[in-house]
Amino acid sequence: MGSPSFLLNKTTIIHGLPLLELSSICINSTLCLVFLFIVSARQISVCVGRVGLARKDDTVSGSDPIAPSCVEPGEVKVGNQFKLSVCSCLYVLFVQVLVLGFDATGLIREAASGSSVVDWSVLCFSSAQCLAWVILSLTALHCKLKVFEKFPLLLRLWWFMSFVICLCTLYVDGRALYLRGLGYLCSHAVANFASAPALGFLCFMAVKGDTGIQICWNTDLQEPLLLEEDAGCLKVTPYHGAGLFSLATLSWLNTLLSIGAKRPLELRDIPLLAPKDRAKTNYKILRSNWEKLKAENPSEQPSLAWAILKSFWREAACNAVFAGLNTLVSYVGPFMISYFVDYLGGKETFPHEGYVLAGTFFGAKLVETLTTRQWYLGVDILGMHVRSALTAMVYRKGLRLSSAAKQSHTSGEIINYMAVDVQRIGDYSWYLHDIWMLPMQIVLALAILYKNVGIAAVATLIATIISIIVTVPIAKIQEDYQDRLMAAKDDRMRKTSESLRNMRILKLQAWEDRYRARLEEMRDVEFKWLRKALYSQAFITFIFWSSPIFVAAVTYGTSILLSSQLTAGSVLSALATFRILQEPLRNFPDLVSMMAQTKVSLDRISAFLQEEELQEDATLVLPRGITEVAVEIKDGVFGWDSSLKPTLSGIQLKVERGMRVAVCGMVGSGKSSFLSCILGEIPKMAGEVRICGSAAYVPQSAWIQSGNIEENILFGSPMDKTRYKSVIHACSLKKDFELFSHGDQTIIGDRGINLSGGQKQRVQLARALYQDADIYLLDDPFSAVDAHTGSELFKEYIMTALAMKTVIYVTHQVEFLPAADMILVLKEGQIIQAGKYDDLLQAGTDFNTLVSAHHEAIEAMDIPNHSSEDSDGNSSPDGPVSAKCNPEGPDIDSLAKDVHDSVASSEQKAIKEKKKAKRSRKKQLVQEEERERGRVSMKVYLSYMAAAYKGLLIPLIIIAQALFQFLQIGSNWWMAWANPQTEGDKPKVSPMVLLIVYMALAFGSSWFIFVRAVLVATFGLAAAQKLFLKMLRSVFRAPMSFFDSTPAGRILNRVSIDQSVVDLDIPFRLGGFASTTIQLLGIVCVMAKVTWQVLLLVIPMAMACLWMQKYYMASSRELVRIVSIQKSPIIHLFGESIAGAATIRGFGQEKRFIKRNLYLLDCFARPFFCSIAAIEWLCLRMELLSTFVFAFCMILLVSFPHGSIDPSMAGLAVTYGLNLNARLSRWILSFCKLENKIISIERIYQYCHIPSEAPAVIEKSCPPSSWPESGTVELIDLKVRYKENLPMVLHGVNCVFPGGKKIGIVGRTGSGKSTLIQALFRLIEPASGRIIVDNIDISTIGIHDLRGRLSIIPQDPTLFEGTIRGNLDPLEEHSDSHIWEALDKCQLGEIVREKELKLDTPVLENGDNWSVGQRQLVSLGRALLKQARILVLDEATASVDTATDNLIQRIIRTEFKDCTVCTIAHRIPTVIDSDLVLVLSDGRVAEFDTPSRLLEDRSSMFLKLVTEYSSRSSGIPDF
C-alpha cells in the first residue's frame, strides 16, 4: 500500500503527506482503535461473566463444521487457503517492515549529513502500516488457535479496505510512471506493487469468509454413514474445501483418479459428499418450500416447478453467470475473423496487430474452456440435488399413501416415478439456461452478421425464426409419443414387477410362458411408440442439422440479391457465426421436447405428491399410562372404498390395559380390517379411535425385509443381548437358528424366500416382541406354524412374554379362544357378539357354529384310548422324547436355562460368530450384486453392433456421415475461395453460380444427415428389441434358485433403467461418436492443408489425449458401474417399503426408513458426483491442449510473411480451428459417455446368459397324454440342497405315495416339508436320488409336461392384477360354465355373482381387494379347473377358519376322491383322516405309516403332535 512519489496538484501534501497516505493512516488507526475496544470489551465481559458478548466480533456463521470422519473429535484440519492467508499477511508485514527500515535509514542519513529540515512525519505512514499488519497477522493466527470456521468480520473488512486503497494507489502510481518514466519510483511505490497480489488474495478471502479450518464433531449428518459402511475411515470430498485454482482446474479430483489408475475403484474409495450436497439437506429445503406453497393457497394446485426453483435458485443463478460469460466469449472468435483475414491480406492497422489478434483469440478460448467446465459441472450438481430431494419426497409419500390413493398408484408406478420421472426432471438442469441464452445468442449472432453482410442480417433473423417455428408442431407430436411411451412402459413395468414377485406360482402352475408372452405383447405396444418417437427424433435431427445450412443459404442469397459486396473475411466470419448458432438451433427441439417431457414428469410427480395421505386423526394416540383403557372405539364406521358400503360399521369397543382380546369370524368377515382400523390404516368415516401407548403389528401375510434375520428382529432398535435371547426363546427360533449355517446372520432372500412360512411368521412375531410395545395387534399369527410350535408359541409368547401387555389377536384356531379375556365375533363387518368363551357358548348363534365345526374336526380324530391316558406323562413338552423322534433337540427347560446363561460368554461368542459370518458371507443365498471389472469387453460392442441386421447398417451410417462432412467442408471452401479477398477485388465466379453451387453442396450434405439419422434409429430399434426379448426369455427360463437369490430390484433395474438407455440413448450415442470422430478428422485436415506444421503438434496432442482418456477411463468405468449397482438398493428399498408400509407405520418406523433412503441416495450420489466431475476433469485438459494447438496455428499464420499464404484459406483454417477444442472434448466425451452407457448393455448381457432350468418340453420323452394315471409317487434316496454352497435340506428321503391315496405330511417348522414339494415340482433339482411318478423318472421329461400334470394349492395364496376369470384360467383353456362350476364348488360363486362385473370383477395388485381366505379359495378353484391326478396342498387352509377348512377338506374329498392328494398341514384334523402320514424331522423321514398305526405306537412322534393338539383343543388349555 505504498504511495506514489509523483502526485498531481490535487493530491498535494497536507502536512507533508499525500492524501492517499493520510487516508490510509486514518483508516488503519480507526480500525486499530476498534480492535483494541473489542479486545477490552471482551476481557471485561469475561470478568463480569457475560460470555455471550465475547464472540460478537467473530461473527462465525452457524454452518455445521464437517470434517473427515478419520479425524478424532476435537482434532483440527487446516486447509491450504488458511495457510496462504497467514503467509500473505506475514509477507505484507515483511514488505512494510522493509519500507520502514529503508525510510528510517534514509532519514537518519539525511540528519547525519547535517540537513536542517528532516521531515520525520514521513515515517508515520510506514509505522501505521507495520502496526496494522502486526495486528492483522496475529488475528489471522488467532483464528487457528480458536478454531474459527469463518474469519472475524473486522479482519475481513480491514483486508478489503487495504485492497481498495492499494488499487487507488496503483492507479495513481501507474499513471505517474506512464507520464514521467522510471525516475519517479520510490520505496512506497515499489512496496505497493509488491504487495498487490497478496492483498488481492486476502480481499478474495475476505469476500469468501471461510478460513479453511475444519473441526471434527460427531454431527447427526454423519450418523448414518458409518452404520452401513464398512469403509472404516471415509473423508469428506476435497471439493468441499478446495481452493480457487483447484476448483478451476478440477485438480481436487487427482487423488481419486490416481487410485483408480492403480486398481479398480470400490465404493469405500469414494469420499463422502459435502454436507450441502447430501440428500438430507436438499430434501429438507425442497420439502419446506413445497409445504409452504401448499399452505399459502390451499384451494389452488401448488407448482412443483416453482418449489424446485425457490429451493435451488442460488445454484442456478451462480451457474447462469458461467453460462452467460461462456456465451459472450464464444462470439469473440467469429467477430475477430474478418480482421484476421484482412491482416493476412496486408491490412495492418497498428504494430504487432497479428500477435495481438492471436493473443485475443487465445485468451477468449481459454476463458471459454474454463467457464464451460464450471458451467457443466454446476449443472450436473444442480441436477443431482434436485433428483435426491425429489426421490426422498416420493419415497416419503409412498410410505404415507392412503388405501384409496394406493389403488391408483401401484408399486411399479411409484418405482417408475422415482426411476424415470425424477431422473428426467434432474436432467432438465442441462436445458435450464437455454431459455434465456437462445435469444442472447441470436442477438449476438445478428450483430456480427450485420457487421459482415449488412441488411441481409434481417433475412437471417427471419430464417432463424422459421427454423424454430417449424419444429414446434414436430416437438408437440414428439411429446405425445413420449407420453404414450411412458404410459406403455408403466404398464409393462407393473406387469414385470408382479410376475417377478410371483414367479414361484407361475412356475408351479407352468404359466410363465403365458405371462412372458403377455409381457412381450406389452413390449410390442411400447415398441410401437418407441419407433414413432425415434423416427420423429430422426426427422428433428435432420431439420436441425439443415437449419444452419438453410439460414446461411438465405443470408448469402439475400446478400447477393441486394448486390452487397461479400469478401472472404465477411463470409468466413458469417460461417463461424452460423456454426456457433448451429448449436442453440440444434438444441432447440431438444429443449422443446425436454420441456414437454419435464412438464409431463412434473405433473405426474406433483399429482402423486398431492394424493390423499392416511388420516392423521384416524387414531388418537395418548401417551403411555394416562388412562387404564388401552384401546377404545366409539361408533366406528370404516370403509376401504368410500363409494361402497362400509367395511366395518357400528364398532363399539373398550379394551382395558393388560387384556387379551381374541377376534374370530368366518372368511371375509372383516377381521384384518378391524386391526387396520385400530392402526388408522382404513379410512374412518365416523366415530373415534383412541389407543394409549405404542403399538406393534404382525400382519397376516408376513413382510420380511431383505437383510439378515437379526436385523429383521431388531428392526432399528439397539441390541440388548438378554432381551434378544428371551425373544428368540419366546418365538421358538433357537432351533431354527441352529439349522441355519449362519444362525441369525443368515441373509434372507427377496421377501423372505429362504424361510418357511412358519419361520417368516415367527421372525415377524420376534420383531414385534423385541420392540417392547404396549399394545400388540396380531393378525392370525399361528396359522402358518405346526400344532406343536403353535401351542408352544401361544404359551411362551402370548401367555408369558406378553402377560402384562394388551394383546388383540385374530385367530381361526378355536383352541386359543378360551384363554382370552374377551372374544369378539365378527360377521359382515359388525361385532355381533362380545364376551368370555363360556358366556358366548351359552348364547349360541354364530360363535357356536365356529366352535362346533372345530369339535367335529377333533372328534373325527379317532385317537386310541391309551394315548390319552398317557398324554399327561408322555406328551407334555418337557417329557422325555423317544429315540425315534430325537431330532426335536433340547427340551424346553434347558432352553429356558440357556436364556439365563452368562451374558459375557455369549457376547464373546457373538463376536466370534459375526466374524465367522463375515468370512462365510460367500456361502449366503443372496450375494452382493456382481459387476464386471476393467475395460468393457470389445465383445459387448461387437455383439451390440451385430444385434441388428448382422451389423450391415454400421458401415452405411459411417459412409453417410463422411459424405455429409465432406460436402459441408466443400461448401465452406467454395464460399471462401470464390469470394474476393478484400473489398474492391473482382469475384472469381458470378453471384448466381456462387449461390447455386453453395446450395447444391450444402443441401446435399443435409440429405446425408437425414439418411444417417434414419439408419441410426432403425439400427437402434432392432438392437433394443432383440436384446429385450433375449433378456426377458432368459429371465423367465431361469431356475427358481435365481429368483430366490436375486432381489427383484436388480432385475427391475435392468428391465427399466438399463433398457431405457438401450432404447433411447445408445443408438444416438453411437451415431454421435461416429459423427464427432469424422468432424474432428475434417477440422485437422483443413488446418493441416493450410499450415502442415500443425501436424507436428496434433500428433503428440492426440497421443496425450489418448493417454489421458485411458487414465480417466480406468476410474470412470468403475464409477459408472458402482453408480449402476448403487441404484438397485434404492429401487429395492422403494419396492420393499411400499409393500410393507402398513408394518412400517404400525411400528412407527417411518423416520428410520426415510433416513435409510437418504443414506442410500447419498451412496448413489457419491460415485455419481465423482463420475461427472471426472468427465469435466478430462474435458478441461483436452480442451486446454487443443487451445494451445489452435494458438500455435495462429502464431504460425501471423509469423508467415505477407503473401506467402492464401488469406481466405488461412481464414477457413481459423474458422475450423475455433471449433477444435469443442469438437475434441465432445469426441472424448461422446466416447466416454458411450462406454459408460454401454455398461447398460453389459448388465443386460449378464441376464441374457443366466443358466436356464431344464427344458420345458423334451420332444423325445414326452409322457403319454393320460399320464399320470394312478398317481403313484416314489421317492428314492432323495437329497436336496438349495444351492451348491449351502447345506443339505433333505437327507436321503425314501418312501412311496400309492396312487389315489391321501398322504398327510407333517413335521416341525423347517423340517423340509415345503422343500419336498418343491423337489416334486422340480423347482429345485435333487442333488442326488430320484422321484418316479407312475414309472416315469420326472427328471427325464420336460418341466412343463411335469408341472402341467400336477396341481398345487400353495401356502401363500397369490392373485394377479386383472380379473377373477384371468386368475382362475390365465391360459384361457376353459369355458365360462366350467369356471362358474369351479367357483360354486369353492364357495365363491355367490360372492362373485353379487359383483356387478361377475367374472370380470377386477382384482387389484396382490389381490388386495380380496381377503386372504378368499384368495385361498381362488387357489382351490384353480386346482378344481385343472383336475390333475396329483394334488398338493401346501398349508393351503392355514389362513381360513375351521368351518371353511372343514368345507375345503370336504370339497377335496369329493372332487379329488380318485387323486393322490399330498397335504402339508399344521392342523392335525386336516391330515388325521389321510390314508398315510409322513412325519419329517430335520430333512429325514422320521415316520411313514397309516395314522391309526402311528397313534397306537406310544413312542410315535405323530402321536406326540396329535395329543399335543387335542389336549390344547379340548376345552380350555392349561396355559
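Numbering of residues begins at 1 and proceeds along the displayed sequence.
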- Does the R287 side chain pair with the main chain of M393, one donor and one acceptor, at a distance under 3.5 Å? no
- Between Q441 (side chain) and Y331 (backbone), is there a donor-acceptor pair under 3.5 Å? no
- Message: Quick one: does any side-chain atom of R1181 pair with a main-chain N or O of T249 as donor and acceptor, under 3.5 Å?
- Response: yes
- Query: Is C1179 close to Y1112 at the side-chain level, that is, under 4.5 Å between some pair of heavy atoms?
  - Reply: no
- Smallest heavy-atom separation, A389 atom then L286 atom, equals CB-CD2, 3.6 Å
- Task: Could you tell me the separation between the CD atom of E1176 and the CH2 atom of W375, rounded to the nearest 0.5 Å?
- Result: 11.0 Å
- Message: Can you classify the ring geometry of F539 versus F542 as parallel (below 30°), tilted (30 to 60°) or perpendicular (above 60°)?
- Response: tilted
- Can you check side chain to side chain contact (heavy atoms under 4.5 Å, CB included) on M594 and D434, steps first, answer last? CA-CA 11 Å; M594 194 65 197; D434 289 3; over 6 Å; no
- Find the distance between OG1 (T1076) and CG (L1081) and round it off to the nearest 0.5 Å. 11.0 Å
- Message: Tell me if a side-chain donor or acceptor on Y239 pairs with a main-chain N or O of L253 at a distance below 3.5 Å.
- Response: no
- Atom CH2 of W306 with >12 non-hydrogen neighbours under 6.0 angstrom: no
- Are I1057 and I1131 side-chain neighbours, meaning at least one heavy-atom pair lies under 4.5 Å? yes
- Message: Determine whether a donor-acceptor pair (N or O, by modelled atom type, separation under 3.5 Å) exists between the side chain of R373 and the backbone of T369.
- Response: no
- Mind checking whether I1239 and V1061 have side chains closer than 4.5 Å, heavy atoms only? no
- Task: Determine whether L485 and D1063 make a side-chain contact, defined as any pair of heavy atoms from C-beta on separated by less than 4.5 Å.
- Result: no
- Task: For residues T360 and V332, determine if any side-chain heavy atom of one lies less than 4.5 Å from a side-chain heavy atom of the other.
- Result: yes
- Task: First locate atom OG of S1075, then atom CD1 of I1009, and finally report the distance between them rounded to the nearest 0.5 Å.
- Result: 6.5 Å
- May I have the step-by-step check of side-chain hydrogen bond (donor to acceptor under 3.5 Å, both in side chains) for S311 and N289, ending in yes or no? CA-CA 7 Å; S311 305; N289 281 313; 2.8 Å; yes
- Message: Distance check, rounded to the nearest 0.5 Å: F245 atom CZ versus Q81 atom CD?
- Response: 15.0 Å
- Query: Rounded to the nearest 0.5 Å, how far does CD of Q1079 lie from CD1 of I969?
  - Reply: 9.0 Å
- Geometric class of the Y431/Y428 ring pair [parallel <30°, tilted 30-60°, perpendicular >60°]: parallel
- Task: Start with the C-alpha distance between F362 and T1187, add both sets of side-chain angles, then the distance that settles side chain to side chain contact (heavy atoms under 4.5 Å, CB included), and finish with yes or no.
- Result: CA-CA 7 Å; F362 174 67; T1187 303; 3.7 Å; yes
- Item | Test item: T371 side-chain N/O and V367 main-chain N/O as donor-acceptor pair under 3.5 Å | yes
- Are any side-chain N or O atoms of S1171 and backbone N or O atoms of F1168, one a donor and one an acceptor, separated by less than 3.5 Å? yes
- Query: Is S536 reaching over with its side chain to a backbone N or O of Q478, donor-acceptor style, under 3.5 angstrom?
  - Reply: no
- Which atom of L250 lies closest to which atom of A1173, heavy atoms considered: CD1-O, 4.3 Å
- Distance-only, no hydrogens or angles: does the T327 side chain make a donor-acceptor pair with backbone N or O of A323 under 3.5 Å? yes
- Message: Under a plain distance cut-off of 3.5 Å, with no hydrogens placed, do W1177 and N254 share a side-chain donor-acceptor pair?
- Response: yes
- Minimum heavy-atom distance between I1122 and L265, given as atom pair plus value: CD1-O, 3.6 Å
- Parallel, tilted or perpendicular: ring planes of F1073 versus W1227, cut at 30 and 60 degrees: parallel
- Query: Is the side chain of T391 donor-acceptor paired with the backbone N or O of M418 at a distance under 3.5 Å, no angle test?
  - Reply: no
- Message: Is the ring pair H385/F312 parallel, tilted or perpendicular, if the boundaries are 30 and 60 degrees?
- Response: tilted
- Chi angles and distances behind the side chain to side chain contact (heavy atoms under 4.5 Å, CB included) call for R1243, I1125: CA-CA 10 Å; R1243 283 162 58 77; I1125 283 176; 4.3 Å; yes
- Task: Determine whether D421 and L390 make a side-chain contact, defined as any pair of heavy atoms from C-beta on separated by less than 4.5 Å.
- Result: no
- Task: Verify side chain to side chain contact (heavy atoms under 4.5 Å, CB included) between Y283 and L1161, making sure each step is shown before the conclusion.
- Result: CA-CA 11 Å; Y283 159 66; L1161 286 171; over 6 Å; no
- Test item: E315 and K276 side chains (from C-beta on) under 4.5 Å apart, heavy atoms: no
- Can you tell me how far CG of L273 sits from CZ of R278, rounded to the nearest 0.5 angstrom? 6.5 Å
- Message: Looking at every non-hydrogen atom in both residues, tell me the closest pair between S1115 and G260 and how far apart they are.
- Response: OG-CA, 3.2 Å
- Task: Determine the minimum heavy-atom distance between L257 and A1174, stating which atoms define it.
- Result: CD2-CB, 4.3 Å
- Query: Is the shortest heavy-atom distance from the side chain of V1062 to the side chain of D1058 under 4.5 Å?
  - Reply: no
- Can a salt bridge be assigned to the pair E479 and K599 using a cut-off of 4.0 Å between side-chain N and carboxylate O? no
- Looking only at heavy atoms, what is the nearest atom pair of A279 and L1158, with distance? CB-CD2, 3.8 Å
